[in-house]
Amino acid sequence: MGRTLRHATQGIQADPDDPVTVGLREAQLLIAYPDSPLVEPGPAAGPGPAAGERAPDCGGLLDPLATFPLRLYDVLRERDHVLLLHADSADDTKGFEELADTARGVAHGRLTCYCVLPEGVDAGPLPLPVLRDSRGEFRERYGTGGSDAFLVRPDGRLGTRVSPAAPGPLSAGLTRVFA
């Protein structure tokens with residue numbers, strides 16, 4: 001998309017004469033918190049957003065209970081923390097049940113988990129709600145590959161990004177928030 005997120009001070013001071021930038025700044029879309037003690041330290045684990053940046057929206061998510069495609073922001077609305085577990089294949093979903101259980105335990109149950117899968121990937125009987133990335137927008141905007149875990153905070157920022165998804169690093173990120 002060609003857009004970059006800026007640190008909070010850069011967003012406040014950036015392009016004061018550009019009406020588009022002023023609008024984005026007013027909506028707090030230019031603000032990121034990479035240095036917050038509540039986010040995973042360090043750069044992004046790959047392409048896509050890093051911890052502290054705003055979680056990108058995407059469309060084309062299919063829920064078996066909905067009759068129309070959803071946007072990710074529709075799924076995140078009115079939620080506490082949300083853990084998004086993404087996998088490119090059925091093999092990549094192995095361990096997602098353990099990841100979700102670990103995450104819920106560390107978060108004291110104040111966490112909703114979803115599995116995001118491409119169309120055509122049969123993950124078998126996953127005990128998690130599954131969203132189908134029918135247009136590949138989630139994969140593209142989040143820069144996923146293999147298995148990934150994204151903790152989205154209630155303010156719409158990523159608190160943790162773990163790639164490949166693993167219980168240890170995910171627990172460490174969750175402990176920063178829920179300790």
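The structure presented is a predicted model; accordingly, all values stated were derived computationally and were not measured.
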Student: Consider only side-chain heavy atoms of I, L, V, M, F, W and Y, link residues closer than 4.5 Å, and tell whether L72 and L70 are in one cluster.
Tutor: yes
Student: What is the minimum heavy-atom distance between P154 and D80, and which atoms define it?
Tutor: CG-OD1, 3.4 Å
Student: Could you go through L85 and T93, starting from their C-alpha distance and side-chain angles, then the distance that decides it, and tell me whether this counts as side chain to side chain contact (heavy atoms under 4.5 Å, CB included)?
Tutor: CA-CA 8 Å; L85 299 171; T93 66; over 6 Å; no
Student: Using a 4.5 Å cut-off on heavy atoms from C-beta on, say whether the side chain of P64 contacts that of R132.
Tutor: no
Student: Where is the tightest heavy-atom contact between R79 and V75, given as atom of each residue plus distance?
Tutor: NE-O, 3.1 Å
Student: Taking ring-ring contact (aromatic ring centres under 6.0 Å, His included) as the cut-off, I'd like each qualifying pair that reaches into residues 74-100, sequence neighbours left out, listed once.
Tutor: H81-F178, H86-F138
Student: Determine whether L111 and L151 satisfy the following criterion, side chain to side chain contact (heavy atoms under 4.5 Å, CB included), listing intermediate values before the conclusion.
Tutor: CA-CA 9 Å; L111 177 85; L151 176 66; 3.5 Å; yes
Student: Would you say the side-chain atoms of Y73 pair up with the backbone N or O of A55, donor to acceptor, closer than 3.5 Å?
Tutor: yes
Student: Rounded to the nearest 0.5 Å, what separation is found between the CG atom of L174 and the CZ atom of R110?
Tutor: 11.0 Å
Student: Do P49 and R54 come within less than 4.5 Å of each other through their side chains, counting heavy atoms only?
Tutor: no
Student: Restricting to non-hydrogen atoms, name the atom on A51 and the atom on G159 that form the minimum distance, rounded to 0.1 Å.
Tutor: CB-O, 3.7 Å
Student: Using 4.0 Å as the upper bound for N to carboxylate O, is an ion pair formed by D74 and R71?
Tutor: no
Student: So which atom in C113 and which in L128 form the shortest heavy-atom distance, rounded to 0.1 Å?
Tutor: CB-CD2, 3.9 Å
Student: How long is the span from the OG1 atom in T160 to the CZ atom in R153, to the nearest 0.5 Å?
Tutor: 9.5 Å
Student: Measure the CG-CG distance between L62 and L131 for me, rounded to the nearest 0.5 Å.
Tutor: 8.5 Å
Student: Any chance the side chains of D92 and S147 put a donor and an acceptor closer than 3.5 Å?
Tutor: no
Student: With rounding to the nearest 0.5 Å, note down the distance linking NZ in K94 to CG in L99.
Tutor: 14.0 Å
Student: Can a donor-acceptor pair be found, under 3.5 Å and without considering hydrogens, that links the side chain of R161 to the backbone of D148?
Tutor: no
Student: Run the salt-bridge test on D155 and R157 with the 4.0 Å N-O cut-off and return the result as yes or no.
Tutor: no
Student: Taking all non-hydrogen atoms of both residues, which atom of L117 and which atom of V121 are closest, and how far apart?
Tutor: CD1-O, 4.1 Å
Student: Between E53 (side chain) and A50 (backbone), is there a donor-acceptor pair under 3.5 Å?
Tutor: yes
Student: To check you understand the geometry: which heavy-atom pair defines the closest contact between L83 and A149, and what is its length?
Tutor: CD1-CB, 4.2 Å
Student: Would you check, one step at a time, whether the test side chain to side chain contact (heavy atoms under 4.5 Å, CB included) holds for T144 with F150?
Tutor: CA-CA 10 Å; T144 62; F150 301 91; 3.7 Å; yes
Student: Is R139 salt-bridged to D88, cutoff N-O under 4.0 Å?
Tutor: yes
Student: Please assess Y114 against V82 for the test side chain to side chain contact (heavy atoms under 4.5 Å, CB included), listing each intermediate value before the final yes or no.
Tutor: CA-CA 8 Å; Y114 290 95; V82 175; 3.8 Å; yes
Student: Treat each ILVMFWY residue as a node, draw an edge where side-chain heavy atoms are under 4.5 Å apart, and state whether L126 and L65 are in one component.
Tutor: no
